**Student:** 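If you scroll down you'll find the structure; I have some questions about it.
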Amino acid sequence: MPEQTCQTFVSDCHVRAAAELINHTWDPIVLSALRLGPTRRNELLLRIAGVSDKVLTQALQRLQSHGLVTKMRVAGQASARAGAVYQLSPLGESFANGPLAQLAQWAADNHDELMDQNSAAS
(Lines give C-alpha, C1' and ligand atoms only; values in the text may rest on other atoms or scores of the structure.)
Protein backbone atom coordinates (compact mmCIF):
# COMPACT_ATOMS: atom_id res chain seq x y z
CA MET A 1 0.00 0.00 0.00
CA PRO A 2 1.61 3.35 -1.05
CA GLU A 3 0.59 5.21 2.13
CA GLN A 4 2.66 2.83 4.24
CA THR A 5 5.86 3.74 2.41
CA CYS A 6 5.06 7.46 2.32
CA GLN A 7 6.60 9.17 5.30
CA THR A 8 5.44 12.59 6.38
CA PHE A 9 7.18 15.42 4.53
CA VAL A 10 9.17 13.14 2.22
CA SER A 11 9.64 14.97 -1.07
CA ASP A 12 8.77 11.97 -3.25
CA CYS A 13 5.61 11.08 -1.34
CA HIS A 14 2.64 10.19 -3.58
CA VAL A 15 0.31 12.35 -1.49
CA ARG A 16 2.57 15.36 -2.03
CA ALA A 17 2.68 14.65 -5.77
CA ALA A 18 -1.13 14.52 -5.90
CA ALA A 19 -1.46 17.65 -3.73
CA GLU A 20 0.81 19.52 -6.13
CA LEU A 21 -1.86 19.06 -8.81
CA ILE A 22 -4.37 21.09 -6.78
CA ASN A 23 -1.85 23.29 -4.97
CA HIS A 24 -2.78 26.45 -6.86
CA THR A 25 -6.19 27.95 -6.17
CA TRP A 26 -7.43 28.08 -9.76
CA ASP A 27 -6.02 24.79 -11.10
CA PRO A 28 -8.79 22.49 -9.79
CA ILE A 29 -11.40 25.01 -10.91
CA VAL A 30 -9.96 25.11 -14.43
CA LEU A 31 -9.86 21.31 -14.52
CA SER A 32 -13.50 21.19 -13.40
CA ALA A 33 -14.51 23.72 -16.05
CA LEU A 34 -12.78 21.64 -18.73
CA ARG A 35 -14.81 18.57 -17.70
CA LEU A 36 -17.55 20.07 -19.91
CA GLY A 37 -15.39 19.49 -23.00
CA PRO A 38 -12.95 21.36 -25.24
CA THR A 39 -13.12 25.09 -24.53
CA ARG A 40 -11.53 28.27 -25.83
CA ARG A 41 -9.66 30.41 -23.32
CA ASN A 42 -12.13 33.30 -23.62
CA GLU A 43 -14.99 30.90 -22.87
CA LEU A 44 -13.12 29.71 -19.79
CA LEU A 45 -12.74 33.33 -18.66
CA LEU A 46 -16.51 33.73 -18.85
CA ARG A 47 -17.23 30.34 -17.28
CA ILE A 48 -14.88 30.84 -14.31
CA ALA A 49 -16.03 33.90 -12.36
CA GLY A 50 -13.28 35.87 -10.68
CA VAL A 51 -10.25 34.55 -12.55
CA SER A 52 -8.09 37.09 -14.35
CA ASP A 53 -6.71 36.56 -17.85
CA LYS A 54 -3.15 36.36 -16.48
CA VAL A 55 -4.01 33.83 -13.76
CA LEU A 56 -5.99 31.66 -16.18
CA THR A 57 -3.08 31.65 -18.61
CA GLN A 58 -0.69 30.64 -15.83
CA ALA A 59 -3.05 27.87 -14.68
CA LEU A 60 -3.44 26.52 -18.21
CA GLN A 61 0.34 26.51 -18.70
CA ARG A 62 0.88 24.76 -15.36
CA LEU A 63 -1.79 22.14 -16.12
CA GLN A 64 -0.26 21.55 -19.56
CA SER A 65 3.17 21.05 -17.97
CA HIS A 66 1.65 18.42 -15.65
CA GLY A 67 0.14 16.67 -18.68
CA LEU A 68 -3.44 17.24 -17.50
CA VAL A 69 -4.51 19.67 -20.23
CA THR A 70 -3.77 19.79 -23.94
CA LYS A 71 -3.95 22.79 -26.25
CA MET A 72 -5.16 22.22 -29.79
CA ARG A 73 -4.89 24.75 -32.57
CA VAL A 74 -8.11 25.03 -34.56
CA ALA A 75 -9.20 27.13 -37.48
CA GLY A 76 -11.74 29.80 -36.66
CA GLN A 77 -14.89 30.52 -38.60
CA ALA A 78 -12.99 32.98 -40.76
CA SER A 79 -10.22 31.13 -42.60
CA ALA A 80 -7.57 33.69 -41.61
CA ARG A 81 -8.48 33.43 -37.94
CA ALA A 82 -7.07 30.59 -35.90
CA GLY A 83 -7.46 29.91 -32.23
CA ALA A 84 -6.79 27.35 -29.57
CA VAL A 85 -9.02 25.01 -27.68
CA TYR A 86 -8.06 23.55 -24.33
CA GLN A 87 -9.20 20.14 -23.25
CA LEU A 88 -8.43 17.55 -20.64
CA SER A 89 -5.84 14.96 -21.63
CA PRO A 90 -6.66 11.34 -20.83
CA LEU A 91 -4.61 11.75 -17.64
CA GLY A 92 -6.50 14.99 -16.87
CA GLU A 93 -9.84 13.26 -17.45
CA SER A 94 -8.94 10.47 -15.05
CA PHE A 95 -7.90 13.02 -12.43
CA ALA A 96 -10.79 15.48 -12.92
CA ASN A 97 -13.47 12.78 -13.12
CA GLY A 98 -11.94 10.64 -10.38
CA PRO A 99 -10.19 12.04 -7.29
CA LEU A 100 -10.98 15.70 -8.01
CA ALA A 101 -14.69 14.98 -8.49
CA GLN A 102 -14.67 12.88 -5.31
CA LEU A 103 -12.99 15.69 -3.39
CA ALA A 104 -15.61 18.14 -4.67
CA GLN A 105 -18.39 15.77 -3.63
CA TRP A 106 -16.83 15.37 -0.18
CA ALA A 107 -16.68 19.16 0.18
CA ALA A 108 -20.32 19.46 -0.87
CA ASP A 109 -21.37 16.70 1.53
CA ASN A 110 -19.52 18.38 4.40
CA HIS A 111 -20.14 22.01 3.46
CA ASP A 112 -22.02 23.00 6.62
CA GLU A 113 -19.47 21.44 8.95
CA LEU A 114 -16.57 22.98 7.02
CA MET A 115 -18.22 26.41 7.20
CA ASP A 116 -18.83 25.95 10.94
CA GLN A 117 -15.13 25.15 11.41
CA ASN A 118 -14.10 28.20 9.39
CA SER A 119 -16.39 30.42 11.47
CA ALA A 120 -15.03 29.00 14.73
CA ALA A 121 -11.43 29.59 13.60
CA SER A 122 -12.12 33.28 12.87
Side-chain angles (χ1 to χ4, degrees):
M1 186 177 247
E3 307 84 53
Q4 294 172 337
T5 61
C6 182
Q7 299 175 12
T8 306
F9 304 116
V10 175
S11 64
D12 62 351
C13 175
H14 299 295
V15 172
R16 288 181 69 145
E20 176 64 27
L21 299 177
I22 58 172
N23 183 341
H24 294 71
T25 302
W26 292 102
D27 291 5
I29 297 166
V30 172
L31 288 170
S32 295
L34 287 172
R35 288 177 66 199
L36 299 175
T39 309
R40 292 183 182 271
R41 192 183 55 74
N42 284 339
E43 292 173 41
L44 285 171
L45 279 169
L46 295 173
R47 190 179 293 168
I48 304 170
V51 69
S52 70
D53 187 25
K54 177 183 176 182
V55 170
L56 177 61
T57 299
Q58 291 170 341
L60 288 167
Q61 290 171 344
R62 203 169 27 253
L63 294 167
Q64 287 178 78
S65 74
H66 286 305
L68 299 175
V69 170
T70 59
K71 179 180 180 179
M72 297 185 336
R73 295 273 177 210
V74 294
Q77 292 179 353
S79 60
R81 186 173 168 235
V85 171
Y86 294 89
Q87 65 183 29
L88 294 173
S89 68
L91 182 63
E93 283 184 28
S94 72
F95 181 69
N97 294 322
L100 185 59
Q102 291 172 355
L103 181 61
Q105 185 60 55
W106 176 86
D109 292 346
N110 295 284
H111 179 266
D112 292 340
E113 187 173 346
L114 290 169
M115 292 301 105
D116 290 344
Q117 295 297 322
N118 285 339
S119 297
S122 298

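This chain uses plain numbering: 1 for the first residue, then up along the sequence. In what follows, every heavy atom counts, from backbone to side chain, and hydrogens, waters and symmetry copies are set aside. None of the values given here were measured: they were computed from a predicted structure.
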**Student:** Is any side-chain heavy atom of R41 closer than 4.5 Å to one of D53?
**Tutor:** yes
**Student:** For residues R40 and V74, determine if any side-chain heavy atom of one lies less than 4.5 Å from a side-chain heavy atom of the other.
**Tutor:** yes
**Student:** Does R35 reach the side chain of L31, with side-chain heavy atoms less than 4.5 Å apart?
**Tutor:**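 No. Closest side-chain heavy atoms not under 4.5 Å.
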**Student:** What are the two closest heavy atoms between P99 and S94, and how far apart are they?
**Tutor:**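 Minimum heavy-atom separation between P99 and S94: CD-O, 3.5 Å.
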**Student:** For residues W26 and Q58, determine if any side-chain heavy atom of one lies less than 4.5 Å from a side-chain heavy atom of the other.
**Tutor:**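 Heavy-atom side-chain distance check fails, nothing below 4.5 Å.
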**Student:** Which heavy atom in V85 sits nearest to a heavy atom in P38, and how many Å separate them?
**Tutor:** CG1-CB, 3.2 Å
**Student:** So which atom in R73 and which in A84 form the shortest heavy-atom distance, rounded to 0.1 Å?
**Tutor:**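 R73 and A84 have their closest heavy atoms at NH1-CB, 4.0 Å.
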**Student:** Given the rule that I, L, V, M, F, W and Y join up when any side-chain heavy atoms are under 4.5 Å apart, are L36 and I48 in one cluster?
**Tutor:** no
**Student:** Between Q64 (side chain only) and L60 (backbone N and O only), is there a donor and an acceptor less than 3.5 Å apart?
**Tutor:**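 At least one qualifying donor-acceptor pair exists.
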**Student:** At what distance, to the nearest 0.5 angstrom, does OG1 of T39 lie from CG of L45?
**Tutor:** 11.5 Å
**Student:** Might you point out which heavy atoms bring A33 and R47 nearest each other, and give the distance in Å?
**Tutor:**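 It is O-NH1, 2.8 Å.
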**Student:** Kindly determine whether L68 and L34 satisfy side-chain contact (heavy atoms from CB on, under 4.5 Å), including the steps that lead there.
**Tutor:** CA-CA 10 Å; L68 299 175; L34 287 172; over 6 Å; no
**Student:** Do you know the tightest heavy-atom contact between L100 and I22?
**Tutor:**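 Heavy atoms of L100 and I22 come nearest at CD1-CG2, 4.0 Å.
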**Student:** So, do V51 and I29 sit near enough that their side-chain heavy atoms are less than 4.5 Å apart?
**Tutor:**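 The answer is no, as the side chains (C-beta and beyond) never meet within the 4.5 Å cut-off.
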**Student:** Starting from L21, can I reach L103 by hopping between I/L/V/M/F/W/Y residues whose side chains sit under 4.5 Å apart?
**Tutor:**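 Linked within one cluster.
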**Student:** How many angstroms lie between CG in L56 and OH in Y86, if you round to the nearest 0.5 Å?
**Tutor:** 7.5 Å
